[in-house]
Structures are given as C-alpha cells and as structure tokens.
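First listed ligand is number 1; within each ligand, the first listed atom is number 1. Because the structure is a prediction, the values reported are computed rather than measured.
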Amino acid sequence: MADRHVKLPDLAECKREGRKLVMLTCYDALFARLLESAGVDLLLVGDSLNQVLGGRPSTLSATLDQMIYHAASVRRGAAHTPVIVDLPFLSYQVSIEEAVRNAGRVLADTDCHAVKLEGGTAMAPTIRALVDRGIPVIGHLGFTPQSINLLGPRVQGRDSATAARLREDAAALEAAGACAVVLELVPKGLAAEISGMLAIPTIGIGAGNGCDGQVLVLHDMLGLNDEFSPRFLKRYAELAEVVRQAVTQYATEVRSGAYPDDIHSFD
Ligand code: KIV
C-alpha cells in the first residue's frame, strides 16, 4: 500500500498484503497527536476510558455523551488516522433504531470514522443495518467487557462449545458487513484459526500473534496503570515511575524554595 496511512475501506486489502495493523486506545487530543506521529494505524476511543480515566470498576457506566466528547478530542488531535469509537453499553442493544441513531450521532458529532460494538450472531442484524446506512462497524468477540457480569474477565473459547460459537460469531459478523473484528482473551490457536477463516482482519488483545493486528490500552502499555498486569500485557515503558519521580522532585523544590529559580521567573 503506497500511502502509509491506513484507510478504513482498505482493511481487507491490508490483510491480503500481510500488513499487520497497529491499534491503540486513545482518549484525548494530546495523545492522539503523539500516536499519529508515531505511526499508529488505528485509534480506538474505547469505553475502557471510564475505567482508565474515571476509576470505574467496569466499562458499563460509559455514556454516549462521554464517548462523543473524547472521540471529538481524539479526532482533533489526529487528522490522518482512522478513529473508531466504542458504542457504550445500552446505546445499541435495545433496538436497531436506537443503534442507528446513536452510532450516526457519534460519527456526525465527532467526525470519526467507525464504531465498534460487542457481540456475535445476535448483533449481526444491527451491524447490517448500520453498514447499510453508511456506518462502518468493527465487531468485538471473545471476552466482551460490557458482559463482564455474565462472563467474568476470563479467556473465552477454551472449551469446544464456546470455540464453535466464536467461529460462528466471527463468520456472522463478517457476513453482516463488519470491516474488522477485535478478539479479546481468546486462546492463540483459536484466534489464528478464526483469522484464517475471515477475509476481514482480526485485531487481537490477549489473543496471540496469529491475529492480523493488535490493540492494547495505551495507559496500560505505557506503564501508567502499574496496578494492572495481566499476562498478555507487555509494558513498553514504566511511566508511572517517571511521573512519581518528577512530581516528587517538583514537590521537594517547591517546599525548599528551589523552584521557581531566576531562569523560570520574569524580571
Ligand atoms: O474499550 C476498550 O479499550 C476496548 C479494547 C480493550 C479493545 O474495547
């Protein structure tokens, strides 16, 4: 692909070319600018923002207005990168009509490019309705955080019945017009098998390296959230410690009068 920026309609082509997709969550304009300049392919405004930023125990409390505020901020920071926005809990499950209205509002109010929603075969008619109305959709299978109360935060698809259901769900999402599928907490063999079945890319999180791309929660992979260390997470920095050290030094200097010195003061 000549253009280094991935475009949403070209995701299947990226897969055919063997180009692995790099996705990270992003909740604000500042990080969006940094991630775009680092060459991230896809930005996800995840409903995880209510856990990561809001300190809530699950994603269930995220609202449409919150998602729109953060998605618009991310879009302002990243002009060239496709931005995908999670549809929050109960914004798309009640009826197809509500799903279309809410997903449409997300794209209209934020200038973002696609929505992501959780669920398998049961969500296929909703995905079809969104895609038919011009709203690109990324699916999300495996551990689906909005169903935490049903599933618990555990690997999905270890038993043959669940694995068979995941295969069927993935095929149903593709048939309904989804342009990619996130696979979360799925055994790597099963995730690779599902990836091999589909023409659209799979994007894994805790699903091994047989997926067509990977996504991580930015704050986790930067080591800002140092209380969270599941097996699949690789920390590429230890920013919590950097922040603690910087703030400790600032506090010491304010208390001693060393800051502000003459260099940081006006005559
Ligand atoms: O909300 C989120 O951050 C997500 C990722 C974990 C894929 O859905």
(request) Indicate if Leu87 and Ile148 have the same hydrophobic cluster label, given that clusters are the connected sets of ILVMFWY residues with side-chain heavy-atom separations under 4.5 angstrom. (result) yes
Need the ligand 1 atom indices (1-based, order shown) with element for anything under 4.0 Å from a heavy-atom of [X].
{"X": "Thr25", "value": "3 (O)"}
{"X": "His140", "value": "8 (O)"}
{"X": "Gly46", "value": "1 (O), 2 (C), 3 (O)"}
{"X": "Ile205", "value": "6 (C)"}

(request) Dump the intermediate steps for salt bridge (Lys or Arg N to Asp or Glu O under 4.0 Å) on Arg105 and Asp65, then the final yes or no. (result) CA-CA 10 Å; Arg105 204 184 132 209; Asp65 285 342; 2.8 Å; yes
(request) For Asp212 and Thr202, test the side chains for any donor-to-acceptor distance below 3.5 angstrom and give the result as yes or no. (result) yes
(message) Just by distance, no angles: are the side chains of Gln249 and Glu253 close enough, under 3.5 Å, to form a donor-acceptor pair?
(response) yes
(request) Mind checking whether Thr59 contacts ligand 1 via backbone (N, CA, C, O), side chain (CB onward), both or neither, at a 4.0 Å heavy-atom cut-off? (result) neither
Distance from [atom] to nearest protein heavy atom, with residue and atom:
{"atom": "atom 2 (C) of ligand 1", "value": "Ser48 OG, 3.3 Å"}
{"atom": "atom 8 (O) of ligand 1", "value": "Lys116 NZ, 2.9 Å"}
{"atom": "atom 7 (C) of ligand 1", "value": "Leu44 CD2, 3.7 Å"}

(request) Looking only at distances, please establish whether an N/O atom of ligand 1 is found under 3.5 Å from an N/O atom of Asp47. (result) yes
(message) Take a 6.0 Å sphere around CG of Asp261 and say whether it holds more than 12 heavy atoms from other residues, nucleotides or ligands.
(response) yes
(request) Please step through salt bridge (Lys or Arg N to Asp or Glu O under 4.0 Å) for the pair Arg33 and Glu36, ending with a clear verdict. (result) CA-CA 5 Å; Arg33 188 165 49 77; Glu36 182 167 274; over 6 Å; no
(request) Please report the closest heavy-atom contact between Glu174 and Met197, naming both atoms and the distance. (result) OE1-O, 4.5 Å
